[in-house]
Amino acid sequence: MTADKADINTLRNKIIELKKERNAIILAHNYQRPEVQDIADITGDSLELSRAAAKTNYDVIVFCGVHFMAESASILSPDKTVLLPEIGAGCPMADMVTVKGLRKTRRDLYSDVMGITFEFADDFTLLDMKKKYPGVPVVAYVNTSAAVKAESDICCTSSNVVNVVESLKEDTIICIPDRNLSSYAAKRTKKKIISWDGFCNVHHAHLDVEDVKRAKAEHPDAVLVVHPECPPEVQDMADEIASTSGMLRFCKESNHKEFIIGTEEGILHRLKKESPNKQFYVLNKEMVCPNMKRTKLESVLRALEKREHVIKVPEDIRIPAKRALDRMLEIK
Ligand code: 13P
Ligand code: SF4
């Protein structure tokens with residue numbers, strides 16, 4: 001056994017022991033490091049992890065993911081202790097929309113996407129947006145803060161955004177914060193979508209049509225599967241567009257043997273594990289989310305030992321944010 005493997009085993013054993021002692025459950029997003037995914041009780045996409053957090057009986061939830069995910073767990077399970085092992089693990093896209101102010105985002109891209117109005121103005125807040133479009137419901141991607149969810153009508157994830165939009169009686173819908181998820185939804189509904197101008201650095205800034213052409217030339221027999229956070233022109237070239245767990249299902253059930261994967265590279269661990277006889281190639285090697293990678297086995301152990309970092313959403317935000325999350329969870 002190599003020294004590294006011995007270290008990993010020691011850490012794993014300590015975590016398993018402490019997890020039992022603390023009556024804790026470990027949830028990990030599909031983008032987490034392989035060894036963190038392997039120690040988790042449940043690995044999944046945002047929707048699966050939200051559902052798991054809502055119905056767990058454990059006293060402690062260790063959330064191996066980013067800040068908004070731990071906040072969602074706290075919103076749904078207020079009597080549990082929710083721990084985020086790395087307090088600095090945030091989501092830059094979630095930070096692009098705030099109730100009080102908007103951080104500057106790029107304003108030059110894809111404004112010609114059919115059926116969508118993009119809101120660009122600097123210093124424009126979610127409250128300004130609601131004032132500008134009175135009566136228009138706000139659909140908040142789960143990649144938002146609890147405070148933003150509290151100001152929204154309903155949440156969505158990448159796997160249910162179209163169903164969520166369709167579930168609303170209004171014909172015009174505001175979608176925040178991801179312009180690419182908005183574009184994905186707009187192409188699959190007759191409703192008018194007004195979108196926030198946010199994006200994910202990993203899926204948007206590191207990806208273009210040239211990457212797709214290059215990957216397809218290198219792997220001509222491979223099927224292209226991408227996440228709806230990718231730019232619209234990349235989505236248009238894909239054989240399948242899905243959430244991270246949707247990708248896992250698709251690749252497992254497909255008769256094809258090779259896949260080019262357009263999302264954060266952490267998912268390849270589970271893809272290979274669940275379909276060991278198939279080949280997976282990441283669309284662009286730069287598709288690594290530094291925030292998702294902050295959490296290591298050491299962080300998980302420290303979280304359990306020191307009970308840190310506790311994520312607790314205050315009640316005045318939790319109640320309205322829960323309404324938006326519950327409304328989403330009621331939808332199939
Ligand atoms: P899903 O796992 O829901 O597809 O979300 C991807 C993501 O970017 C989470 O940060
Ligand atoms: Fe946020 Fe993108 Fe990282 Fe997901 S992959 S946590 S959307 S920055």
Side-chain angles (χ1 to χ4, degrees), residues 27-33 36-37 40 42-53 63-73 84-97 103 105-106 139-145 148-149 155-164 175-182 184-185 196 198-207 225-231 234-235 238 240-251 261-271 282-284 286-295 325 328-329 331:
L27 307 182
H29 189 264
N30 289 324
Y31 296 159
Q32 289 288 296
R33 291 170 182 271
V36 174
Q37 293 191 31
I42 300 174
T43 307
D45 67 4
S46 305
L47 184 60
E48 290 169 337
L49 297 178
S50 298
R51 288 194 193 280
F63 214 117
C64 302
V66 291
H67 194 267
F68 74 80
M69 295 180 173
E71 273 193 336
S72 294
L84 181 67
E86 288 292 335
I87 195 65
C91 169
M93 175 162 72
D95 291 343
M96 285 175 184
V97 56
R103 284 195 193 161
T105 63
R106 274 156 59 187
V139 174
Y141 192 22
V142 284
N143 297 41
T144 46
S145 68
V148 164
K149 288 183 178 81
C155 291
C156 76
T157 70
S158 57
S159 56
N160 65 15
V161 58
V162 179
N163 289 348
V164 167
C175 287
I176 59 170
D178 185 19
R179 57 180 305 141
N180 295 341
L181 188 67
S182 300
Y184 169 82
W196 201 268
F199 58 89
C200 161
N201 286 312
V202 179
H203 291 85
H204 185 91
H206 287 308
L207 215 53
V225 188
V226 307
H227 196 274
E229 288 176 16
C230 294
V234 169
Q235 293 186 29
E240 180 72 10
I241 309 169
S243 74
T244 54
S245 288
M247 288 180 176
L248 284 152
R249 267 190 302 278
F250 174 81
C251 295
I261 302 296
T263 196
E264 211 274 351
E265 61 86 43
I267 198 175
L268 266 76
H269 176 63
R270 235 185 114 183
L271 281 166
V282 70
L283 179 49
N284 179 330
E286 285 177 53
M287 294 185 78
V288 181
C289 177
N291 285 289
M292 284 285 183
K293 296 299 188 256
R294 282 180 191 246
T295 308
L325 274 170
M328 170 189 86
L329 292 172
I331 292 171

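Both counts, for ligands and for their atoms, begin at 1 and track the order of listing.
Ligand-side atoms of ligand 1 in range of D45: 1 (P), 2 (O), 3 (O), range being under 4.0 angstrom from any heavy atom. Of all atoms in ligand 1, numbered sequentially from 1 with element shown, those under 4.0 Å from a heavy atom of M69 are 9 (C), 10 (O). The distance from ligand 1 to the heavy atoms of S158 drops below 4.0 Å at these ligand atoms: 1 (P), 3 (O), 4 (O). Listed by atom number, the atoms of ligand 1 under 4.0 Å from S243 heavy atoms are 4 (O). In the vicinity of Y31, heavy-atom distances shorter than 4.0 Å reach the ligand 2 atoms 5 (S).
Taking distance alone, with nitrogen or oxygen atoms compared against 3.5 Å, T244 approaches ligand 1 more closely than that limit.
Not counting sequence neighbours, Q235 has no partner by the side chain to side chain donor-acceptor pair (under 3.5 Å) test. For E286, the side chain to side chain donor-acceptor pair (under 3.5 Å) partners at least two apart in sequence or on another chain are H206.
Looking only at distances, a side-chain donor or acceptor of Q37 sits under 3.5 Å from a matching main-chain atom of N30. Q32 contributes a side-chain N or O that, together with a main-chain N or O of M292, makes up a donor-acceptor pair within less than 3.5 Å.
Residues S158 and E229 are not in side-chain contact: their nearest non-hydrogen atoms beyond the backbone lie 4.5 Å or more apart. T144 has its side chain within reach of P177: a pair of non-hydrogen atoms, C-beta onward, lies under 4.5 Å apart. With a 4.5 Å cut-off on side-chain heavy atoms, L27 and M69 do not count as touching.
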Could you check C156 against L181 for side-chain contact (heavy atoms from CB on, under 4.5 Å), going step by step and ending with a plain yes or no?
CA-CA 10 Å; C156 76; L181 188 67; 4.2 Å; yes

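In this structure, M93 has no heavy atom closer than 4.0 Å to ligand 1.
Neighbours of atom 2 (Fe) of ligand 2 restricted to protein N, O or S atoms under 2.8 Å: the count is 1.
Taking the charged nitrogens against the carboxylate oxygens, E265 and K293 do have a contact shorter than 4.0 Å, which makes a salt bridge.
Partner C155 forms a side chain to side chain contact (heavy atoms under 4.5 Å, CB included) with one of N143, V142, V161, V148 and no other, that one being V142.
Atom 4 (O) of ligand 1 has H227 NE2, 2.7 Å as its closest protein atom, hydrogens excluded (heavy atom only). For atom 3 (O) of ligand 1, the nearest non-hydrogen atom of the protein is S46 OG, 3.0 Å. Looking only at heavy atoms of the protein, atom 10 (O) of ligand 1 is closest to N143 ND2, 3.3 Å. E229 OE2, 3.0 Å is the protein heavy atom nearest to atom 8 (O) of ligand 1.
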Would you be so kind as to tabulate the donor-acceptor pairs closer than 3.5 Å made by side chains of residues 45-53, with sequence neighbours excluded?
{"unit_1": "D45", "atom_1": "OD1", "unit_2": "L47", "atom_2": "N", "d": "3.3"}
{"unit_1": "D45", "atom_1": "OD1", "unit_2": "E48", "atom_2": "N", "d": "2.9"}
{"unit_1": "D45", "atom_1": "OD2", "unit_2": "S243", "atom_2": "OG", "d": "3.0"}
{"unit_1": "E48", "atom_1": "OE1", "unit_2": "D45", "atom_2": "N", "d": "3.0"}
{"unit_1": "E48", "atom_1": "OE1", "unit_2": "S245", "atom_2": "OG", "d": "2.6"}
{"unit_1": "S50", "atom_1": "OG", "unit_2": "S46", "atom_2": "O", "d": "2.9"}
{"unit_1": "R51", "atom_1": "NH1", "unit_2": "L329", "atom_2": "O", "d": "3.2"}
{"unit_1": "R51", "atom_1": "NH2", "unit_2": "I331", "atom_2": "O", "d": "3.4"}

